[in-house]
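Reading through the structure tokens given below for one structure.
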Amino acid sequence: MQYEQDQHPAPAEPRQASSQNDADALCERVRQANTDKTSLRIEGGGTKAFYGRRVEGETLSLTEHRGITHYDPVELVVSVRAGTPLAELEAALDAQQQQLSCEPPHFGSAATVGGMIASGLSGPRRPWVGAVRDFVLGTRLITHEGKHLRFGGEVMKNVAGYDLSRLMVGAQGTLGVITEVSLKVLPKPSAIQSLRLELPLDEALQRLGQWGRQPLPITAAAYHDDTLHLRLEGGRSSVAATSERLGGDDLDNRFWQDLREQRLAFFDKSDPRPLWRLSLPNNTPPLALDGDTLYDWAGAQRWLRSDDEPSALRETVAQAGGHATCFTPGHTEPFTPLSKVVANYHRRLKTQLDPNGIFNPGRLYPEF
């Protein structure tokens with residue numbers, strides 16, 4: 001792979017074996033599957049296989065289609081094949097003091113760029129900088145006919161097909177095979193400091209609501225066990241001044257990576273209670289749900305360990321204007337059931353892009 005030269009130090013030249021174009025073979029596999037109407041189970045590193053419903057079909061692996069195809073640190077743009085290990089991409093960006101600001105979770109060392117796009121999951125910084133889809137500039141996609149098409153571009157001004165590229169984010173591979181993605185990247189902050197403040201929940205939520213209306217360099221906020229955890233990022237003087245103003249004790253910055261990767265004690269897999277992800281409007285008060293809750297994204301995302309009946313739990317969350325997703329593997333309905341109107345849109349889109357239903361059938365919902 002090649003990098004544009006600029007004033008930053010260039011990353012180490014990667015080994016040739018780390019870059020491989022498997023597009024022709026993938027196109028042929030998809031073309032044949034569509035002709036035979038054979039279901040395909042699209043697979044990368046498998047670290048997010050738990051996220052969604054089980055798919056039955058022939059495995060179509062993207063792990064041999066890998067490598068960074070273009071990286072311009074000056075323009076803050078990178079293009080990378082779907083099978084590229086996420087850690088490999090992050091290492092190349094880190095060498096230029098840049099990052100994927102949406103902090104996508106890995107859930108294992110085998111995580112790939114394609115899995116990041118397909119799942120659409122973001123980390124603690126998401127409310128302040130945007131989600132994965134907000135950084136997608138363009139994609140290359142294999143259609144049901146086995147055609148390898150490009151949508152979007154590598155700059156914000158190129159909007160041709162831009163919405164279709166973003167549509168692939170979170171679609172779990174049900175609309176086509178993502179082979180390459182162009183992403184906007186951002187510089188790393190010059191200063192980072194994390195704090196912990198012991199506060200009751202109502203006061204913590206009140207303070208977060210107030211701070212959210214002020215120009216403070218907060219880029220992560222989580223609450224659990226009577227403790228509010230904050231991360232400050234930005235210029236050194238701004239971070240130092242805000243830290244002094246907010247008070248509290250120092251917190252190891254690794255806390256946010258452990259939260260992102262679900263390595264905190266709260267996520268202990270030995271806990272038999274299902275793990276739920278609740279997405280709620282900002283400033284939503286605590287919900288009347290049994291179990292243990294960890295508040296993330298300043299309360300807009302909440303992780304819940306609960307034995308509550310799923311339909312009752314989802315009804316409570318829906319009444320608050322949100323939705324609930326089950327992160328425990330094997331759940332028959334991990335995603336909130338769609339309304340008739342929304343389901344109709346999904347059905348029409350699936351029919352248009354995958355008329356024979358070969359791409360990850362049933363991954364999101366049984367009928368798709």
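The shown structure was predicted, so the numbers you read here are calculated from the model rather than taken from an experiment.
Thr174 places no side-chain N or O within 3.5 Å of a backbone atom of Asn360 that could act as its donor or acceptor partner. A distance-only check finds no donor-acceptor pair linking the side chain of Ser279 to the backbone of His323 [under 3.5 Å]. Proximity of a side-chain donor or acceptor of Glu103 to a complementary backbone N or O of Arg126 within less than 3.5 Å is not detected. Using modelled atom types, no side-chain atom of His144 and backbone atom of Asp354 make a donor-acceptor pair closer than 3.5 Å. One N or O on the side chain of Thr69 and one on the backbone of Ser79 form a donor-acceptor pair closer than 3.5 Å. When atom types are taken as modelled, the side chain of His65 and the backbone of Gly83 share no donor-acceptor pair closer than 3.5 angstrom. For Arg363 (side chain) and Gln172 (main-chain N/O), no donor-acceptor pair under 3.5 Å exists by modelled atom type. Listed for the Arg277 side chain is no donor-acceptor partner under 3.5 Å among the backbone atoms of Thr325. Of the possible polar contacts, none joining the Tyr223 side chain to the Gly299 backbone as a donor-acceptor pair under 3.5 Å is found. At least one donor-acceptor pair under 3.5 Å links the side chain of Arg125 to the backbone N or O of Ser101.
Taking 4.0 Å as the cut-off between side-chain N and carboxylate O, Asp134 and Lys184 do not count as a salt-bridged pair. Between Arg29 and Glu64 there is no salt bridge, since none of the side-chain N atoms of the basic residue sits less than 4.0 Å from a carboxylate O of the acidic one.
Rounded to the nearest 0.5 Å, atoms CH2 (Trp211) and CG (Leu228) are 5.5 Å apart. Between the CG atom in Leu199 and the CD atom in Glu203 there is a gap of 5.0 Å [rounded to 0.5 Å]. A distance of 8.5 Å separates OG1 in Thr35 from CG in Asn356, rounded to the nearest 0.5 Å. With rounding to the nearest 0.5 Å, the separation of CG in Leu175 from CG in Leu141 is 8.5 Å.
Residue Leu338 is found in a hydrophobic cluster whose other members, listed by chain and number, are Phe50, Tyr51, Phe107, Leu121, Leu251, Phe255, Trp256, Leu259, Leu264, Phe266, Phe267, Leu275, Leu294, Trp303, Phe327, Phe335, Val342, Leu364, Tyr365, Phe368; membership requires side-chain heavy atoms under 4.5 Å apart, directly or through intermediates.
Applying the 6.0 Å contact sphere to CG of Asp24 captures no more than 12 heavy atoms from other residues, nucleotides or ligands. The local environment of CD in Gln352 is sparse, with at most 12 non-hydrogen atoms from other residues, nucleotides or ligands closer than 6.0 Å. Heavy atoms from other residues, nucleotides or ligands lying under 6.0 Å from CZ of Arg273 number more than 12. By the 6.0 Å contact criterion, CZ on Arg263 is enclosed, its count of non-hydrogen atoms from other residues, nucleotides or ligands being greater than 12. Residue Lys188 places its NZ atom among more than 12 non-hydrogen atoms of other residues, nucleotides or ligands, all under 6.0 Å distant. Within 6.0 Å of the CD atom in Glu367, the count of heavy atoms belonging to other residues, nucleotides or ligands exceeds 12.
Side-chain atoms of Thr63 and Ser61 include a donor-acceptor pair closer than 3.5 Å. For the residue pair Asp268/Ser270, the side-chain donor-acceptor check at 3.5 Å is satisfied.
Of all heavy-atom pairs spanning Leu205 and Thr284, the tightest one is CD1-O, 4.4 Å. Between Leu278 and Ala324, the shortest heavy-atom distance links the atoms CD2-CB, 3.6 Å.
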*Are Val317 and Leu280 close enough, and set up right, to give a side chain to side chain contact (heavy atoms under 4.5 Å, CB included), and what steps lead you there?*
CA-CA 8 Å; Val317 176; Leu280 293 158; 3.8 Å; yes
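Residue pairs meeting the ring pair (Phe, Tyr, Trp, His ring centres under 6.0 Å) criterion with at least one partner in residues 278-299, sequence neighbours excluded, do not occur; the list is empty.
Residues passing the side-chain hydrogen bond (donor to acceptor under 3.5 Å, both in side chains) test with Glu333: none are found, sequence neighbours excluded. By the ring-ring contact (aromatic ring centres under 6.0 Å, His included) test, His331 pairs with Trp276, sequence neighbours left out. Checked against salt bridge (Lys or Arg N to Asp or Glu O under 4.0 Å), Arg41 has the following partners two or more places apart in sequence or in another chain: Glu43. Shown here are the salt bridge (Lys or Arg N to Asp or Glu O under 4.0 Å) partners of Glu244, two or more places apart in sequence or in another chain: there are none.
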